[in-house]
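Side chains are part of it too, since the values below use all heavy atoms of this structure and drop only hydrogens, waters and symmetry mates. Letters go in sequence order (proteins before strands), and every chain restarts at 1.
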Amino acid sequence: MIDRALLRDNPDLIRENLRKRHMDYDLDTLLALEARRRELLQVENLRAQRNDLSKQIGQIIREGGNAEKLKTQVHALAEEIANQEQELGEVETRFEGMMAALPNILHPEVPEGESEEQNVELHRWGESRSFEFEPKPHWELGEALGILDWERAAKMASARFVMDLGAGAALERALINLMLDTHTRKHGYTEVSPPLLNNERSAFGIGVLPKFEEDLFKTREGLYLVPTAEMPLTNIHQDEILEGEKLPLCYTAYTPCFRSEAGAAGRESRGLIRLHQFHKVELMKYVRPEQADAELEKLLRNAETILEMLEIPYRRMALCSGDMGFQPRQTFDLEAWMPGMGKYVEISSCSQYGDFQARRAGIRFRPEPEAKPEYVHTMNGSGLACGRTVAAILENYQTEQGTVVVPEALRPYMGGLPEILPRLP
RNA sequence: GGAAGGGUGGCCGAGUGGUCGAUGGCGGCGGUCUUGAAAACCGUUGUGCCGCAAGGCACCGGGGGUUCGAAUCCCUCCCCUUCCGCCA
């Protein structure tokens with residue numbers, strides 16, 4: 001949610017923002033609703049009159065007088081108030097609905113562009129190994145090694161699920177532990193193990209509701225399976241006023257993530273890239289506005305550190321205006337090199353939201369002990385997506401025999417296992 | 001799932017249908033006293049919206065209703081606690 005004051009003070013900025021995002025949005029209707037809403041605020045005068053007369057009635061009755069005439073007068077006034085309040089309510093509902101669907105204002109440094117094609121590569125790390133053989137995609141490797149099983153996952157669940165077995169399951173568990181240990185012990189994040197079903201308010205708070213309900217799995221009880229730990233982590237401090245000196249607050253969580261992937265049929269359907277359930281270690285910060293850019297850079301470095309520890313080549317991309325999501329004001333993707341697939345694949349997405357989510361979720365802080373509360377800035381990023389990291393390891397560390405060497409950094413977490421060999425049935 | 005009791009300001013906790021945005025306590029802030037501190041005492045201390053301001057409006061879990069007037073009465077939903085049942 002953006003600041004209402006912007007609508008009045010700088011509608012052109014919003015219009016320009018929509019243009020950069022290549023988004024269709026009926027801003028004129030929103031502006032008209034806002035104007036009407038403000039007109040209707042004059043009901044407050046009527047309410048003031050009513051309050052005043054009611055007080056007089058109380059006074060008269062206490063003194064034993066007859067207040068019938070006044071009562072009739074107030075009754076008529078109340079009807080008029082009710083009429084205006086009804087229109088105000090309708091206008092407000094429409095206004096709020098449209099506000100909730102208005103995308104965030106972009107950070108000035110977001111490159112302008114229409115689609116993925118215009119994303120800007122900022123830097124690369126690591127060299128791709130040279131292969132003396134044709135490197136295989138991870139799904140072939142995983143299947144041949146018997147550590148990834150799509151067929152049985154589909155049998156017990158449906159397509160777009162996977163089951164990890166043996167060293168595959170152990171590899172993912174090792175990754176989770178490496179990431180959490182690094183982020184908590186070296187990077188100063190507090191580990192969280194949050195509820196994986198969140199309510200509507202929390203989904204609204206991060207901006208996936210009301211616009212993106214079809215992407216979520218919903219229970220009969222009306223709760224949503226978390227599509228990312230961003231949802232519970234951002235709602236830890238929902239409706240709270242934080243102490244300024246405690247910021248930034250840094251949290252990390254390992255969670256499964258559930259996405260319906262509606263409308264994704266046929267896209268990148270193979271392997272570990274796009275699943276209904278995947279696992280992710282998330283990084284999340286609540287910061288003061290002036291800290292935001294620097295803290296996002298640190299967060300990016302925290303995520304990149306994991307890729308460097310695993311010695312997986314990657315590049316950092318700045319998403320362009322047309323490729324960015326609805327909620328963030330700036331997004332950087334980390335893309336891991338996948339030799340088997342022959343391309344870079346997103347393995348982490350790190351975004352800052354300004355006060356967009358804080359406004360929706362009601363998260364504020366006091367800059368000084370006695371000062372007025374202000375909205376915090378929120379940001380988060382994957383650190384990293386586990387399934388895609390497994391894929392990157394399989395593809396980067398594969399041998400000609402189809403086995404996979406275990407990265408040095410992971411061996412202590414896998415009982416010293418140096419290499420993943422075909423699993424015996 | 002069944003039964004009972006609750007949801008009030010940063011926290012605890014009062015609250016009669018009318019001067020209650022809400023008594024009181026704790027905590028916070030300012031002050032008096034003190035060499036300093038503690039104690040004691042005095043004052044102050046919610047949020048949002050509209051407004052240059054004065055001020056006005058709204059908010060006592062959410063929504064609806066009764067009434068001239070609702071924190072207070074009625075309906076409904078949600079949440080929490082305790083007991084019972086079930087259960088990793």
Side-chain angles (χ1 to χ4, degrees), chain A residues 1-9 30-31 33-100 193-205 209-210 218-224 232 235-247 249 256 286 355-376:
Chain A
M1 197 90 76
I2 68 167
D3 190 351
R4 281 183 180 193
L6 260 188
L7 277 186
R8 275 172 282 160
D9 303 342
L30 181 70
L31 292 172
L33 283 170
E34 164 67 357
R36 183 65 185 144
R37 196 178 67 84
R38 291 172 64 82
E39 267 172 39
L40 288 166
L41 281 182
Q42 50 104 6
V43 216
E44 287 191 0
N45 298 331
L46 299 181
R47 285 204 282 243
Q49 273 182 52
R50 183 197 56 192
N51 292 349
D52 188 53
L53 290 174
S54 286
K55 268 183 198 168
Q56 286 182 37
I57 291 170
Q59 182 76 25
I60 289 168
I61 290 174
R62 229 170 298 119
E63 285 165 4
N66 185 318
E68 288 313 310
K69 224 186 281 173
L70 264 187
K71 279 194 188 180
T72 325
Q73 203 180 324
V74 179
H75 193 75
L77 191 57
E79 255 176 64
E80 200 181 332
I81 292 172
N83 286 339
Q84 296 208 17
E85 275 179 344
Q86 202 199 328
E87 191 189 344
L88 181 62
E90 285 162 7
V91 168
E92 221 145 42
T93 303
R94 285 183 63 199
F95 176 76
E96 273 157 21
M98 285 195 74
M99 276 300 273
S193 181
L196 301 180
L197 293 171
N198 278 195
N199 59 31
E200 196 178 328
R201 172 78 208 280
S202 296
F204 181 84
L209 283 185
K218 188 179 187 177
T219 69
R220 273 177 309 185
E221 290 76 11
L223 294 170
Y224 297 91
N235 284 287
I236 291 176
H237 296 297
Q238 178 192 105
D239 290 330
E240 291 183 21
I241 299 174
L242 306 169
E243 290 171 45
E245 61 268 34
K246 294 213 174 138
L247 300 177
L249 288 172
Y286 300 78
D355 62 11
F356 188 82
Q357 293 181 325
R359 227 170 255 287
R360 293 173 156 248
I363 312 161
R364 292 173 294 173
F365 76 105
R366 272 184 221 286
E368 304 297 332
E370 295 297 293
K372 266 189 157 305
E374 289 175 30
Y375 288 106
V376 301

Q.
Over all strands shown, is A:Gln56 touching base, sugar-phosphate only, or nothing at heavy-atom distances under 4.0 angstrom?
A. nothing

Q | Counterpart residues, side-chain contact (heavy atoms from CB on, under 4.5 Å), relative to A:Leu197 (two or more places apart) | A | A:Thr219, A:Leu223, A:Leu225

Q: Calculate the interatomic distance between A:Asn199 atom CG and B:rC78 atom P; express it in whole Å.
A: 13 Å

Q. So what does A:Ile61 hit on the nucleic acid, given a heavy-atom distance under 4.0 Å: a base, only sugar-phosphate, or nothing?
A. base

Q. Taking CD1 from A:Ile241 and P from B:rG27, how many angstroms apart are they, rounded to a whole number?
A. 21 Å

Q) Distance check: side-chain N/O of A:Arg364 vs OP1/OP2 of B:rG48, anything under 4.0 Å? A) yes

Q: Tell me what A:Ile57 touches on the nucleic acid: a base, only sugar-phosphate, or nothing, going by heavy atoms under 4.0 Å.
A: base

**Q.** Euclidean distance, atom CZ of residue A:Phe95 to atom C1' of B:rC49 [Å, nearest integer]
**A.** 12 Å

Q. B:rU47 phosphate, OP1 or OP2: any side-chain N/O from A:Arg366 under 4.0 angstrom?
A. yes

Please tabulate the protein-to-nucleotide N/O contacts below 3.5 Å involving nucleotides 55-59 of chain B, giving atom names and distances.
{"residue": "B:rG56", "atom": "N2", "partner": "A:Glu44", "partner atom": "OE1", "Å": "2.9"}
{"residue": "B:rC57", "atom": "OP1", "partner": "A:Asn51", "partner atom": "ND2", "Å": "3.2"}
{"residue": "B:rC57", "atom": "O2'", "partner": "A:Arg47", "partner atom": "NE", "Å": "3.3"}
{"residue": "B:rC57", "atom": "O2'", "partner": "A:Arg47", "partner atom": "NH2", "Å": "3.1"}
{"residue": "B:rA58", "atom": "OP2", "partner": "A:Asn51", "partner atom": "ND2", "Å": "3.4"}

Q) Is the distance from OP1 or OP2 of B:rG62 to the nearest side-chain N or O of A:Arg201 less than 4.0 Å? A) no

Q. Counting side-chain heavy atoms from C-beta on, which of B:rG18, B:rG69, B:rC50 comes nearest to A:Arg8?
A. B:rC50

Q) Between atom CZ in A:Arg360 and atom P in B:rG48, what is the gap in whole Å? A) 20 Å

Q. Partner of B:rA37 by Watson-Crick or G-U wobble geometry, both contacts under 3.5 Å, or none?
A. none

**Q.** Which residues share a side-chain contact (heavy atoms from CB on, under 4.5 Å) with A:Ala100, sequence neighbours left out
**A.** A:Phe204, A:Pro210, A:Arg360

Q: Determine yes or no for a side-chain-to-main-chain donor-acceptor pair under 3.5 angstrom, with A:Asp355 supplying the side chain and A:Tyr375 the backbone.
A: no

Q) For A:Glu34 and B:rC50, what is the distance between atoms CD and C1' respectively, to the nearest whole Å? A) 11 Å

Q.
Would you say CD of A:Glu96 has more than 12 non-hydrogen atoms from neighbouring residues, nucleotides or ligands within 6.0 angstrom?
A. yes

Q: Ignoring hydrogens and angles, state whether a donor on the side chain of A:Ser202 or A:Asn199 is under 3.5 Å from an acceptor on the partner side chain.
A: yes

Q. Is the backbone of A:Ala361 close enough, under 3.5 Å, to the side chain of A:Arg201 for a donor and an acceptor to pair up by distance?
A. yes

Q: May I have the distance from A:Lys71 (atom NZ) to B:rG18 (atom C1'), rounded to whole angstrom?
A: 12 Å

Q. What does B:rC73 pair with, Watson-Crick or G-U, if both distances are under 3.5 Å?
A. B:rG65

Q: Would you mind pulling out the nucleotide paired to B:rG27, Watson-Crick or G-U wobble, both distances under 3.5 Å?
A: B:rU45

Q | Watson-Crick or G-U wobble partner of B:rC20, both distances under 3.5 Å | A | none

Q: Tell me the partner of B:rC60, counting only Watson-Crick (N1-N3 plus N6-O4 or O6-N4) or G-U wobble (N1-O2 and O6-N3) with both under 3.5 Å; none if nothing fits.
A: none

Q | Whether over 12 other heavy atoms sit under 6.0 Å from A:Arg47 CZ | A | yes

Q: Any strand is fair game: report the nucleotide pairing with B:rU81 by Watson-Crick or G-U wobble, both distances under 3.5 Å, or none.
A: B:rA4

